[in-house]
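In what follows, every heavy atom counts, from backbone to side chain, and hydrogens, waters and symmetry copies are set aside. The structure displayed is predicted, hence computed values, not measured ones.
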Amino acid sequence: MNEVWVIAEQRLGKLMSVSLELLGKGTELARQLKVGLAAVLLGDKVRALSRQLVCYGADRVYLGEDPRLRLYQSEVYADLVAKLVDTHKPGIVLIGATSIGRDLAPRIAAKLKTGLTAHCVELRIVNEDTEKPQLVQVVPGWGGSLMVNIACPVRRPQIATVSPGVMTKCDWEEREGEIITLAVDVQQELRVETLEMVHEERTGAALEEAEVVVAGGWGLLSAGGFELVEELAKVLGGAVAGTRPAVDSGWIPEHRMVGQSGKTVSPKLFISVGASGAPQFTAGFLKAKVVLAIDQNPNAPIFDVADIGLVGDLCDILPCLVTELKETGLRI
Amino acid sequence: MSLNIIVCVKQVPHPEHFSRITLDPIRQTISREGIPAVINPLDLHALEEALRIREELSGKVTAISMGPPQARCALEEALAIGADDAVLLCDKSFAGADTLATAYSLACGIKKLGRFALILCGNETIDSATGQVGPQLAEFLGIPHVTSVIQIAFEQGSSLIVRQALEEGYMKVRVKLPAMLAVAKGINQPRLPTVWAIMEAGSKEMQIWGASDIGATQDMIGLEGSPTHVTGIFERDTTRRREILEGPPRQIAKKAVNRLHELIAT
Ligand SMILES: Cc1cc2nc3c(=O)[nH]c(=O)nc-3n(C[C@H](O)[C@H](O)[C@H](O)COP(=O)(O)OP(=O)(O)OC[C@H]3O[C@@H](n4cnc5c(N)ncnc54)[C@H](O)[C@@H]3O)c2cc1C
Ligand SMILES: Nc1ncnc2c1ncn2[C@@H]1O[C@H](COP(=O)(O)O)[C@@H](O)[C@H]1O
């Protein structure tokens with residue numbers, strides 16, 4: 001039977017969290033299809049990471065190690081994965097929509113002349129009891145208020161990329177898996193070669209992992225700045241984010257933007273302050289457990305996607321909220 | 001060194017009118033009627049980079065687009081900004097293409113154009129935002145690619161050193177020409193067309209090629225050549241509680257925090 005595959009991504013010897021999240025989803029899909037779940041891992045001296053992949057759900061790991069695979073190399077990585085797919089014919093291949101995953105996935109799909117769907121927010125199987133089970137790939141359609149189902153009916157494998165933070169990883173489970181060592185032969189002269197990876201630390205709590213995210217929008221202009229949002233985030237031990245206009249105005253760095261062209265977050269609590277609720281923005285926090293919104297316009301669309309909506313001037317409401325939270329000590 | 005540079009530009013709906021775009025639930029296609037169109041913003045950065053390279057090293061910049069007849073306007077704009085010539089791939093049989101079929105069609109058009117050193121694309125479009133066409137095009141042409149490019153420097157010989165942006169930091173990549181680079185926002189500040197350039201643009205050449213002109217195989221283009229299909233469209237499920245609180249700030253803040261305690265706990 002055709003396996004479900006996750007192309008695992010490691011950077012400088014560390015697995016990206018999205019790969020584990022995809023194993024979580026992959027476990028579900030593989031169970032439904034009654035097939036195995038495998039991870040593909042490429043790098044140099046990364047064997048130890050196989051154990052993590054297995055304990056987070058992979059039944060099998062295809063491991064390719066070579067000093068020349070230490071850093072991501074688009075040509076070699078795409079060749080290796082495409083050849084491996086050709087040999088083993090998995091039915092589904094999942095790839096994290098990181099900057100590297102998005103560089104790799106289209107090249108692989110084009111080599112295999114098969115379909116690729118970007119930034120899926122949901123994946124499920126239909127017709128699982130037939131000859132040709134289908135992967136339904138859900139992506140936010142135009143502007144994000146509509147959802148679009150995409151399928152790759154004929155060609156195989158069905159390839160999808162998923163952003164970090166969209167799927168949930170399984171709990172760690174002590175289990176055994178099969179490690180299959182690949183023969184890696186990187187003799188050819190590379191036409192494109194990654195020479196160096198420069199890591200630049202980002203300041204502040206990572207958005208994808210935060211339990212609380214407080215996002216500010218254009219409405220903060222009248223509030224004279226982002227300090228109110230920062231204060232609220234601080235009381236809750238959360239991370240600060242913003243809408244496109246907040247980024248364009250330089251109030252927060254670009255990597256803190258939430259939405260269709262920014263980050264996807266799934267915290268326990270998402271607070272939106274002075275943001276109207278454009279679908280391109282709200283697409284970024286569909287999976288938050290609870291959403292609280294503050295806006296002075298009672299008709300703002302943000303209230304349609306909120307659990308609790310506070311109507312009023314944020315300059316008045318935010319300080320009250322901070323005081324109240326300090327007093328009651330909400331723990332998240 | 002004189003370089004032929006090809007810039008891929010796509011015409012997209014003006015982002016401010018996105019909410020007016022509707023999906024035809026029966027034909028499951030997008031209706032963009034009456035919505036003003038622009039060049040995909042990142043493609044302007046790609047064009048700018050091409051013009052800068054031409055200014056530095058001399059060469060020729062060709063803009064190419066696949067789209068309906070009105071995509072002509074996007075190419076006219078590219079000419080006015082500074083491209084030397086332009087090609088529109090336009091044919092009914094291109095319609096309904098996914099990224100693979102689009103990339104194939106563009107590859108056929110580019111092959112017909114002849115020798116080139118560099119292809120520049122935007123890292124992604126604002127309407128489909130897949131960022132897939134560039135790398136897929138490179139695969140069809142059998143050339144290397146780099147995405148998220150924020151800096152390009154020429155090396156001795158025929159290779160480039162580019163910076164590829166990552167979530168945290170960047171990679172330094174050496175790539176041999178001919179190559180496809182997909183550029184990200186930080187790379188440059190696009191110029192606006194000058195009056196002189198707009199006047200000059202009128203005398204520049206724009207070719208319009210159909211599927212047979214570029215030797216494209218029918219089963220590789222349009223809907224037929226697209227492995228992915230839209231199978232359904234539905235309203236987003238907003239199962240939020242929508243409890244709206246109005247009143248004096250102190251009071252509603254207190255109520256909200258109480259509710260938060262309850263909701264987070266469950
Ligand atoms: C292709 C595409 C991709 C995009 N991707 C993203 C994305 O990833 N993320 C994103 O955020 N945007 C994105 N956008 C932009 C998006 O469409 C909206 O323009 C943006 O989200 C609006 O930001 P905003 O809510 O901060 O501003 P506005 O829409 O201007 O809303 C400001 C809100 O603040 C309220 N307000 C003003 N003053 C006060 C006050 N004193 N107290 C309380 N409320 C107040 C107003 O009532 C209003 O509701 C994208 C757009 C396009 C076309
Ligand atoms: N129809 C098209 N015609 C020309 N170039 C295109 C077309 N579609 C995509 N591109 C190029 O590919 C890039 C990425 O597009 P996409 O994969 O749709 O996000 C764009 O920024 C363009 O440079």
Side-chain angles (χ1 to χ4, degrees), chain A residues 74-75 98-99 102-103 106-107 109-111 113-118 141-143 145-155 191-202 255 260-261 268-269 290-292 303-312 316-317 320-321 324-325 328 330 332, chain B residues 18-19 21 23 30 98-100 103 126-127 129-132 134-136 138-140 144-148 164-176 179 227-236 238 240-246 249-250 252-254 256-257 259-261 263-264:
Chain A
S74 66
E75 219 173 356
T98 61
S99 50
R102 296 175 60 194
D103 189 280
R107 191 89 199 193
K111 277 183 193 295
K113 305 274 183 293
T114 189
L116 169 63
T117 307
W142 282 82
S145 54
L146 292 163
M147 303 304 267
V148 182
N149 289 344
I150 294 180
C152 179
V154 181
R155 296 189 217 177
R191 292 180 302 173
V192 50
E193 187 178 8
T194 306
L195 304 172
E196 184 185 357
M197 185 184 277
V198 179
H199 185 80
E200 282 167 353
E201 277 299 332
R202 289 276 154 87
H255 69 266
Q260 187 189 327
S261 40
K268 289 207 179 112
L269 175 60
V290 178
V291 175
L292 173 80
F303 291 127
D304 294 335
V305 292
D307 294 294
I308 309 172
L310 298 179
V311 182
D316 302 330
I317 295 179
C320 296
L321 212 49
E324 200 62 38
L325 283 167
T328 62
L330 181 65
I332 292 167
Chain B
F18 261 34
S19 56
I21 294 165
L23 285 152
I30 294 146
D98 71 0
T99 64
L100 194 72
I126 56 166
D127 58 347
T130 70
Q132 289 168 192
Q136 293 185 323
E139 176 62 29
F140 278 116
H145 82 267
V146 188
T147 59
S148 298
Q164 177 171 20
L166 297 176
E167 287 78 0
E168 298 189 315
Y170 61 89
M171 295 193 290
K172 207 168 114 185
V173 180
R174 174 184 288 132
V175 59
K176 289 213 173 77
T228 60
H229 289 268
V230 171
T231 56
I233 296 165
F234 54 98
E235 293 278 325
R236 196 169 81 191
T238 49
R240 297 279 173 200
R241 294 174 184 82
R242 302 194 206 176
E243 299 173 9
I244 309 296
L245 305 174
E246 284 180 82
R250 284 259 296 281
I252 58 174
K254 199 179 179 74
V257 171
R259 273 305 272 152
L260 280 183
H261 277 286
L263 294 179
I264 301 281

Mind checking side-chain hydrogen bond (donor to acceptor under 3.5 Å, both in side chains) for B/Lys176 and listing every partner two or more places apart, or none if nothing turns up? A/Glu189
Interchain contact, A/Ile150 with chain B, by part (heavy-atom threshold 4.5 Å): both
Atom of A/Asp304, atom of B/Arg242 and distance for their closest heavy-atom approach: O-NE, 3.2 Å
Determine whether more than 12 heavy atoms belonging to other residues, nucleotides or ligands lie under 6.0 Å from atom NZ of A/Lys113. yes
Got a sec, which residues hit ring pair (Phe, Tyr, Trp, His ring centres under 6.0 Å) with B/Tyr170, two or more places apart in sequence or on another chain? none
Counting heavy-atom pairs closer than 4.5 Å to chain B, which one of A/Leu325, A/Val154, A/Val291 comes out on top? A/Val291
Relative to chain A, which segment of B/Leu100 carries a heavy atom at a distance below 4.5 Å: side chain, backbone, both, or neither? side chain
If we define contacts as heavy-atom pairs under 4.5 Å, which of A/Asp316, A/Leu116, A/Asn149 has the most with chain B? A/Asn149
Name the option with the most non-hydrogen atom pairs under 4.5 Å to chain B; the candidates are A/Ile308, A/Ile317, A/Leu321. A/Ile308
Do you know which of B/Glu139, B/Arg241, B/Gln132 has the most heavy-atom pairs with chain A at a distance under 4.5 angstrom? B/Glu139
Segment of A/Val290 engaging chain B (4.5 angstrom heavy-atom cut-off): both
Taking every non-hydrogen pair under 4.5 Å, which of B/His229, B/Glu167, B/Gln136 racks up the most with chain A? B/Glu167
If I measure from the heavy atoms of chain B, does A/Ala306 come under 4.5 Å with its side chain, its backbone, both, or neither? backbone
Can you tell which of B/Ser148, B/Ala165, B/Ala138 has the highest number of heavy-atom pairs within less than 4.5 Å of chain A? B/Ala138
Is there a side-chain contact between B/Leu166 and B/Glu168 in this structure, where contact means two heavy atoms from C-beta onward sitting under 4.5 Å apart? no
With a sphere of 6.0 Å drawn around CZ of B/Arg250, does it hold more than 12 non-hydrogen atoms of other residues, nucleotides or ligands? no
Is it true that a side-chain atom of A/Glu75 and a backbone atom of B/Pro144 form a donor plus acceptor pair closer than 3.5 Å? no
Proximal component of A/Thr98, with respect to chain B [non-hydrogen, under 4.5 Å]: both
Verify, without hydrogens or angle tests, whether B/His145 (side chain) and A/Asp103 (backbone) share a donor-acceptor contact under 3.5 angstrom. yes
Here the pair of heavy atoms bringing A/Gln260 nearest to B/Ile126 is NE2-O, 4.1 Å
Top contributor to chain B interface from A/Val198, A/Leu269, A/Leu292, A/Val311 [non-hydrogen pairs under 4.5 Å]: A/Val198
Quick one: what part of A/Arg107 sits under 4.5 Å from any heavy atom of chain B, side chain, backbone, both or neither? both
